[in-house]
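Here is the naming used below: chain letters follow the sequence lines, and residue numbers restart at 1 for every chain.
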Amino acid sequence: MTVASSQPVQITLPDGSVKTFDGPTTGAQIAGSIGAGLAKAAVAVLVDGVPKDLSAPIAKDAAVSILTAKSPEALEILRHSCTHLMAQAVKRLRPNALLEDGPPTEEGFWYDIKTEPPLTPEDFDAIEKIMAEIVKEALPIERIVLSRDDARTLFSARGEKYKLDLIERIPEGDTISAYKQGEFVDLCRGPHVPTTGIFKAFKLMSVAGAYWKGDARNDQLTRVKGTAFFTEKELAGHLQMLEEAKKRDHRKLGRELELFMHHDWAPGETFWLNKGNLMYKQLSRMMSELCREEGYEEVFTPMLFKVDLFRMSGHWDHYRDNMFVVPGQDSRTLEAADIAQWAARLEAEAATAVPAEEWNTAKAELAKLTTASARLSFLLKLKQVGGKHWNLFEKAPGVFVTMESAANGTYALKPMNCPSHMLVFRDRRRSYRELPLRIHDQGVLHRNEASGTLGGLTRVRQFCQDDAHIFLAQEQIEQEITQLISLIKRVYTAFGMEFARVFLSTRPDDFLGEKETWDRAEKALENSIRANGMEFKINAGDGAFYGPKIDFIVRDCLNREWQTATIQLDYQLPARFGLKFVNRNNEDEQPVVVHRAIFGSFERFFGILIEHFGGNFPTWLAPVQARVLTISDKYEGYATEVFDTLRRHGVRAERDFSAEKIGSKIRDGRNMRIPYLLVVGEKEEASRSVAVRSQTEGELGAISLDDFLARIDKEKAIRF
RNA sequence: GCUGGUGUAGCUCAGUUGGCAGAGCAGCGCAUUCGUAAUGCGCAGGUCAUCGGUUCGAAUCCGAUCACCAGCUCCA
């Protein structure tokens, strides 16, 4: 902090004009000097592009723009301040509440709060009422700069243990600040609006659990979400938008359009009904054809493997908790006595292998379990206690051998296609002339996801990917990936979809292999993205342990982000499977493997497609392309002729010959999002035509049947 | 898996203090033969998610389980 000097300060405003002040000034003063209206409307200020409080001293020449409700940067500041407003209200309602962190988001804001009992939506009315009172009090919001010690004293006096932890995490040398409004003080970087009187439109939306510091082993806090706008009108608009988004929800449309269903007895697995199946198969066929054109081979490999495969691939060690394990015909059923014996032996081993403190906790848990099999499975899971992966099997080789032999003949459903493709590559000796060897597979995958993560089509336990593995030589990476990204772009453009983000994930701390290899690979990926002219962000250290990756993220209608396409480089799998090819010099060389998917999973992509189109699929994808509607049953004869002609012509057609009035049939057809409704009555029969109503263009009038067939033929053509 | 919420007809939802299970839409039947977003009348449809408990009596109160929803952790 510079001490105020008497040097004049020159302020450049956005219109280029310059104002001179005798000494240090503030945003509030500058706004006041321009006009009383602006001073009143001012929310915060940008100083050389950095958002600051209106009251922040400006002691040096700077470019300044005053932020009002109309400035795009202002909304984030308002919402950030609204978290404080809400937190203050919660504190008045529940004085013992402990605050953690409360940032603004794209949609609004949230605050993680610890209360006993937890806050529920039933508390919202009370909290909002208090918020309104605080608005009425129009408390000035003041910034306080604190030393680290003062900050510690201030927040420990209030028992705010989460805030104390935040203080410790502020880097040395950074300014520590807090904001005060009335009795409420919150540790915060700011900036904030000048007074609590400014809030006009806010609403609490939902509560959800959130782990402290994002770690499942820590305290669980209540995340209270809300949103805020400058005007009631904007808030109402936002709420209406959320309503609209709900109508596009693929779970709702999937049921209404009879695309798929789910059942309690198959959680996380989809029943594809006739119409959904038509679309699914079409997407799958198109993807197969595209891959064939792009030089891929397509294979179809087993679903069920002896676990030996996954031992070799590493999945058994790293992914076992997410795999469905199946006893084979020759695996021995575990006898009750064996289970009891193993449980006892494992417990004895655990007592020495597990660190004392954790073992005490575990022992208390163990004591609550009454059956031997419950104790055994608890002990087997113990390897994850404390987030460490020490494995009890390794500490107790005797038990290990017994368990393994019992597991002989045990199978597992594949969670990924890569291991089988390694076997395909290894099936015979490979030459450099075959590379890049691209193997495509739409096999069925099973992942035993935790129950709480399942939802709709976006997260399921059984699914297919448009998966492929490309085996290539190190020097082929850049060209191949460049080509691949361009292909991915092409496919998404065909659907009119754009990526919300693209991430390049780089070397993590626990990487395997040579640093130089990683550097070269990361550089190659980066060059490939740039060659395609795409924006991307680097996710430093977020790569898989076996190689760097590129993730393509799209957004659904509820603004949630989903990873769809992915490209991953892998140096480990070829090594584990001992893959090699003969190079130009007649030497063995190890190939690099690229894992890639364009849609990602068909299921997730399908869900996103439904929401993207709001159920109004393009004609080539729509499960029903046309429906023939009769004005009355007098025209059933000609209508049947039209219907038969359509079907023979390869149009996916339906008929509605019911005794309803035409308005009602139109409504039904519209609701089912059928691209073309063909009305047939006296006039059409006489002129051998159909009265066409398009889902997107409305009424088109009578068209001869031949002309309509020509029109729909064009639209049916597959376009990737 | 964790936190919170929800579960009533195929769908959307009522159901008061614990006292006979309700509506609209969809379905079926009959009538209507109609020109671009809902024709009328009638009928049928329920293990109130499941299991257990409290009670003279439970959709309603309590507990457990299952599923779903909003998130978290994870992830295509």
(request) Look at the side chain of A/P267 and decide which nucleotide, out of B/C75, B/A70, B/A67, has an atom nearest to it. (result)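 Minimum distance to the A/P267 side chain belongs to B/A67.
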
(request) With the side chain of A/T453 defined as its heavy atoms from C-beta on, choose the nearest nucleotide among B/C75, B/G71, B/C72. (result)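 Looking only at side-chain atoms, A/T453 lies closest to B/C72.
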
Any N/O pairs under 3.5 Å between the protein and nucleotides 5-13 of chain B? List them or say none.
| unit_1 | atom_1 | unit_2 | atom_2 | d |
| --- | --- | --- | --- | --- |
| B/U12 | OP1 | A/R255 | NH1 | 3.4 |

(request) Kindly say whether, by distance alone, the side chain of A/R447 makes a donor-acceptor pair under 3.5 Å with the base of B/C74? (result)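 By the distance-only test, no, there is no pair.
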
(message) Between B/A76 and A/W562, is there a base-stacking contact, meaning the centre of the base's six-membered ring lies under 5.5 Å from the residue's ring centre while the planes stay under 30° apart?
(response)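 So no, this residue does not stack on that base, at least one cut-off failing.
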
Sequence neighbours left out, what passes side chain to side chain contact (heavy atoms under 4.5 Å, CB included) with [X]? Give chain and number order.
| X | answer |
| --- | --- |
| A/D633 | A/E636 |
| A/E498 | none |
| A/T222 | A/P118, A/L119, A/V207, A/V224 |
| A/Q563 | A/D551, A/I553, A/T566, A/R604 |

(request) Enumerate the residue pairs fulfilling salt bridge (charged side-chain N to carboxylate O under 4.0 Å, His left out) with a member in residues 442-467 of chain A, sequence neighbours excluded, ordered by first and then second residue. (result)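 Sorted pair list: A/E449-A/R459.
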
(request) Using the salt bridge (charged side-chain N to carboxylate O under 4.0 Å, His left out) rule, collect all pairs that involve residues 680-702 of chain A, keeping only residues at least two apart or in two chains. (result)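 Sorted pair list: A/E641-A/R688, A/E697-A/R711.
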
(request) Using only side-chain N and O atoms of A/R251, determine if any of them is under 4.0 Å from OP1 or OP2 of B/A70. (result)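 For B/A70, OP1 or OP2 has a side-chain N or O of A/R251 closer than 4.0 Å.
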
What nucleic acid atoms does [X] come within less than 4.0 Å of, heavy atoms only: base, sugar-phosphate, or nothing?
| X | answer |
| --- | --- |
| A/G698 | nothing |
| A/F605 | nothing |
| A/G669 | nothing |
| A/L221 | nothing |

(request) Go through the structure and list residues passing salt bridge (charged side-chain N to carboxylate O under 4.0 Å, His left out) with A/E128, not counting sequence neighbours. (result)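 Expected list: none.
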
(request) Produce a footprint string for nucleotides 32-41 of chain B: one letter per nucleotide, 5' end first; B if the base is under 4.0 Å from any protein heavy atom, S if only the sugar-phosphate is, - if neither. (result) BBBBBBBB--

Nearest whole angstrom, please: distance from the [atom2] of [N] to the [atom1] of [X].
| X | N | atom1 | atom2 | result |
| --- | --- | --- | --- | --- |
| A/K549 | B/C75 | NZ | C1' | 9 Å |
| A/K414 | B/A76 | NZ | P | 17 Å |
| A/E449 | B/C2 | CD | P | 16 Å |
| A/D112 | B/G4 | CG | P | 15 Å |
| A/W265 | B/A67 | CH2 | C1' | 12 Å |

(request) Using a cut-off of 6.0 Å, state whether more than 12 heavy atoms not belonging to A/M303 lie near its atom CE. (result)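 For A/M303, atom CE is not crowded (no more than 12 foreign heavy atoms under 6.0 Å).
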
(message) List the residues meeting side chain to side chain donor-acceptor pair (under 3.5 Å) with A/N616, not counting sequence neighbours, and say none if there are none.
(response)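 By the side chain to side chain donor-acceptor pair (under 3.5 Å) rule, A/N616 matches A/Q695.
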
(message) Suppose we screen for side chain to side chain donor-acceptor pair (under 3.5 Å). Which residues come up paired with A/Y280, at least two apart in sequence or across chains?
(response)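 Counting only residues at least two positions away or on another chain, A/Y280 forms a side chain to side chain donor-acceptor pair (under 3.5 Å) with A/E603.
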
(request) From the options A/K252, A/R251, A/K247, select the one residue that forms a salt bridge (charged side-chain N to carboxylate O under 4.0 Å, His left out) with A/D249. (result)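 Going through A/K252, A/R251, A/K247 one by one, the salt bridge (charged side-chain N to carboxylate O under 4.0 Å, His left out) with A/D249 is satisfied by A/R251 alone.
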
(request) Extract the stems that RNA chain B is part of, considering only consecutive pairing runs of at least three Watson-Crick or G-U wobble pairs, both distances under 3.5 Å. (result)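 So the stems come out as B:1-7 with B:66-72, B:10-13 with B:22-25, B:27-31 with B:39-43, B:49-53 with B:61-65.
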
(request) Give a yes/no verdict on a cation-pi contact between A/R79 and A/F109, requiring under 6.0 Å between NZ or CZ and the six-membered ring centre and an angle within 45° of the axis. (result)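 No; the conditions do not both hold, so A/R79 does not lie above the ring face of A/F109.
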
